[in-house]
Amino acid sequence: LIDPLAILAQRGLWPDLTILLDAPVAPALERARARSGKADRIEGEAVAFFERVRQRYLLRAQREPTRICVVDATGSVADVGERIAKAVAQVLPA
């Protein structure tokens, strides 16, 4: 369902690089709730929902490894920022 919607919305345009920030579900939910102080409608879903979503994104990254870069989102903000910078540097021309 996502692919046809993306094609329609993006009108054939695709980014050269998509960064997929990946982290285990439990710590990711803890971070999200710590930022907002409470769970919104989506964050209130069961952990199984988030596991399914995470697995689908990872599957998409496996199908498009030259466009989607999976970045480990565990660790400090600085660590994750460095990982993102390295991924972007590999795509940008020198």
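- For R60 and E64, the salt-bridge test passes: some basic side-chain N is under 4.0 Å from an acidic carboxylate O.
- Partners of A87 according to the side chain to side chain contact (heavy atoms under 4.5 Å, CB included) rule, which considers only residues two or more places apart in sequence or in another chain, are I19, C69, V71.
- Proximity of a side-chain donor or acceptor of Q10 to a complementary backbone N or O of L13 within less than 3.5 Å is detected.
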Can you list, pair by pair, the side-chain donor-acceptor contacts under 3.5 Å of residues 73-80, counting residues two or more places apart and other chains?
residue : atom : partner : partner atom : Å
T74     : OG1  : D72     : OD1          : 2.6
T74     : OG1  : D72     : OD2          : 3.2
S76     : OG   : A78     : N            : 3.4
S76     : OG   : D79     : N            : 3.0
S76     : OG   : D79     : OD2          : 3.3

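- Residues that satisfy the side chain to side chain contact (heavy atoms under 4.5 Å, CB included) test with A61, not counting sequence neighbours, are L20, I68, V70.
- Within the 4.5 Å cutoff, the side chain of Y57 has no heavy atoms near those of the T18 side chain.
- Under a hydrophobic-cluster definition in which Ile, Leu, Val, Met, Phe, Trp and Tyr are linked whenever side-chain heavy atoms come within less than 4.5 Å, directly or via other members, F49 and V47 are assigned to the same cluster.
- Judged as a salt bridge (charged side-chain N to carboxylate O under 4.0 Å, His left out), and not counting sequence neighbours, R11 has no contacts.
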Can you give me every donor-acceptor pair (side chain of residues 21-28, partner residue at least two apart or in another chain, under 3.5 Å) with its distance?
residue : atom : partner : partner atom : Å
D22     : OD1  : R54     : NE           : 2.6
D22     : OD1  : R54     : NH2          : 3.3
D22     : OD2  : R54     : NH2          : 3.0

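- Atom CZ of R31 is surrounded by more than 12 heavy atoms from other residues, nucleotides or ligands within 6.0 Å.
- Scored by the salt bridge (charged side-chain N to carboxylate O under 4.0 Å, His left out) test, R52 finds no partners at all (sequence neighbours excluded).
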